[in-house]
Student: 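If you scroll down you'll find the structure; I have some questions about it.
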Amino acid sequence: MIQAPVSAVRRSAIVVPDLAAVVEAATKRIVARIAQAPGRIAICLTGGSTPRPVYRRLAEEPYRSTVPWERIHWFWGDDRFVPLEDERSNAGMACAAFLDHLPIPADNIHVMPTQLRDPHEAARHYEDDLKSFYGSSRLDPRKPLFDMVLMGLGSDGHTASLFPHGEGLDEQERWVVGVNEAKLAPFVPRVTLTFPTLASTREMLFLMTGAEKRPMVARVFAGDDLPATHAYSDGAQVWLMDEAAAPDSVR
Ligand code: 6PG
């Protein structure tokens, strides 16, 4: 795999007692990033089950009535190539968990266009959407595309929809790619941002909870050749996890 040199990965770990503490800490980090940005804000969401309670928390007080929702644009790091209404849709999950319940202009919700013919066409359209939002077709490390990118860690070491030995891992030019074959359930094609696009952020925040994540967190922090190990960020990269997910090497 060819990605960022290891020296470019500045990864820091935060370990908190349990799931509730992960939810609280993640929510506070997201809200802090929002508070730091004076104008338009861009947040890139992730799928899977771990972020759902964080999304729900954002729709509750005190955030519900204090966050400047109209200034925030929401994107996804990856999605399953299924309709928004499908229970496997990452965008559908986030809409149901929080976006649909908040005063957010429809134009601020940038769902991957999974109604198109195939994941590759959807990827091209999403790339155009990102470039027009950013105002350039070249990413400048001094001007991050996102204020925050949320990420998850799969049991096989995948992140976003970048799977071990899968498609898109070495992509340096395209911002978004279609993935024909998911290597883990749900086995539907995917659309995913590539590593350089995900890296264009002030903060990349990985969320992990539960003992089943622990072996893979250990492998990432040991530098094993896995997609999640090769994720990098132009800004901070924070791995937030509970005690159960934390191997001895990160405590
Ligand atoms: C997806 C994801 C994926 C996810 C990890 C972790 O669409 O499946 O975006 O990369 O973040 O698989 O998922 P869990 O939080 O469910 O463990």
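Just so it is clear, the values below take in all heavy atoms, side chains as well, and ignore hydrogens, waters and symmetry mates. Counting starts at 1 for both ligands and their atoms, in listed order. Sequential numbering from 1 along the given sequence is applied to the chain's residues.
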Student: How far is atom 8 (O) of ligand 1 from its nearest protein heavy atom, and which residue and atom name does that atom have?
Tutor: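 For atom 8 (O) of ligand 1, the nearest protein heavy atom comes out as Arg80 NH2, 2.8 Å.
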Student: So for Met151, does at least one of its heavy atoms come nearer than 4.0 angstrom to any atom of ligand 1?
Tutor: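 False for this residue.
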Student: Just to confirm my output: which protein heavy-atom neighbour is closest to atom 17 (O) of ligand 1, and how far is it?
Tutor: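 Ranking protein heavy atoms by distance from atom 17 (O) of ligand 1, first comes Lys213 NZ, 2.4 Å.
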Student: In terms of residue, atom name and distance, what is the protein heavy atom nearest to atom 15 (O) of ligand 1?
Tutor: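 Scanning the protein heavy atoms, the shortest distance from atom 15 (O) of ligand 1 goes to Thr50 OG1, 2.5 Å.
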Student: Please list, in number order, the atoms of ligand 1 under 4.0 Å from a heavy atom of Gly152.
Tutor: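 Contacts of ligand 1 toward Gly152, numbered from 1: 11 (O).
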Student: For ligand 1, indicate whether the residue Leu153 contacts it via side chain, backbone, both or neither (heavy-atom separation under 4.0 Å).
Tutor: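 Contact part for Leu153 vs ligand 1: backbone (N, CA, C, O).
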Student: What are the atoms of ligand 1, with element, lying closer than 4.0 Å to any heavy atom of Thr46?
Tutor: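 So the atoms of ligand 1 that pass are 9 (O), 11 (O).
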Student: Does any N/O atom on Ser161 come nearer than 3.5 Å to any N/O atom on ligand 1?
Tutor: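 No, no N or O pair falls under 3.5 Å.
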Student: Short question: side chain of Arg214, backbone of Ala244 - any donor-acceptor pair under 3.5 Å?
Tutor: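 Flag set: sc Arg214 to bb Ala244 pair under 3.5 Å.
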Student: For Pro227 versus Pro164, what's the shortest heavy-atom pair and its separation?
Tutor: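 Heavy atoms of Pro227 and Pro164 come nearest at CG-N, 3.4 Å.
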Student: For atom 9 (O) of ligand 1, what is the nearest protein heavy atom, given as residue, atom name and distance?
Tutor: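 Scanning the protein heavy atoms, the shortest distance from atom 9 (O) of ligand 1 goes to Asp78 OD1, 2.7 Å.
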Student: State plainly whether one hydrophobic cluster holds both Val191 and Leu84, where clusters connect Ile, Leu, Val, Met, Phe, Trp and Tyr through side-chain heavy atoms under 4.5 angstrom apart.
Tutor: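 In one cluster: yes.
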Student: Measure centre to centre between the rings of His73 and Phe133, then say whether the value is under 6.0 Å.
Tutor: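 Yes, the ring centres sit under 6.0 Å apart.
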Student: Of all heavy-atom pairs between Ile72 and Asn108, which one has the smallest distance, and what is that distance?
Tutor: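 Here Ile72 and Asn108 meet closest at O-ND2, 3.0 Å.
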Student: Just which atoms of ligand 1 are under 4.0 Å from any heavy atom in Asn90?
Tutor: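 In order of number, 1 (C), 7 (O), 9 (O).
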Student: Closest non-hydrogen protein atom to atom 5 (C) of ligand 1, residue and atom name please, with distance?
Tutor: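 I find the closest protein heavy atom is His158 NE2, 3.6 Å.
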Student: Which residue owns the protein heavy atom closest to atom 13 (O) of ligand 1, what's the atom, and how far is it?
Tutor: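 It is Gly48 CA, 3.7 Å.
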Student: For the ring pair Phe98 and Trp74, is the centre-to-centre distance below 6.0 Å?
Tutor: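 Yes, they do, as the ring centres are separated by less than 6.0 Å.
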Student: Cationic tip of Lys143 within the cone over Tyr134's six-membered ring, i.e. under 6.0 Å and within 45° of the normal?
Tutor: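 Here Lys143 passes the 6.0 Å and 45° test against Tyr134.
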Student: Before signing off on this row, confirm whether Gly47 and ligand 1 have an N or O atom pair separated by under 3.5 Å.
Tutor: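 So ligand 1 has an N or O lying under 3.5 Å from an N or O of Gly47.
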Student: Run the numbers on Ser161 and Asp78 for side-chain hydrogen bond (donor to acceptor under 3.5 Å, both in side chains), then give the verdict.
Tutor: CA-CA 6 Å; Ser161 280; Asp78 74 311; 2.7 Å; yes
Student: What are the two closest non-hydrogen atoms of Arg64 and Ala59, and how far apart are they?
Tutor: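 Minimum heavy-atom separation between Arg64 and Ala59: NH1-O, 3.0 Å.
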Student: Does Ala160 approach ligand 1 within less than 4.0 angstrom via side chain, backbone, both or neither, non-hydrogen atoms only?
Tutor: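 Backbone only.
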Student: Looking at atom 16 (O) of ligand 1, what's its closest protein heavy atom, distance included?
Tutor: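 Here the closest protein heavy atom is Ser49 N, 2.7 Å.
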Student: Would Phe221 and Trp239 count as a close aromatic pair, with their ring centres under 6.0 Å?
Tutor: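 Centroid distance Phe221-Trp239: below 6.0 Å, so yes.
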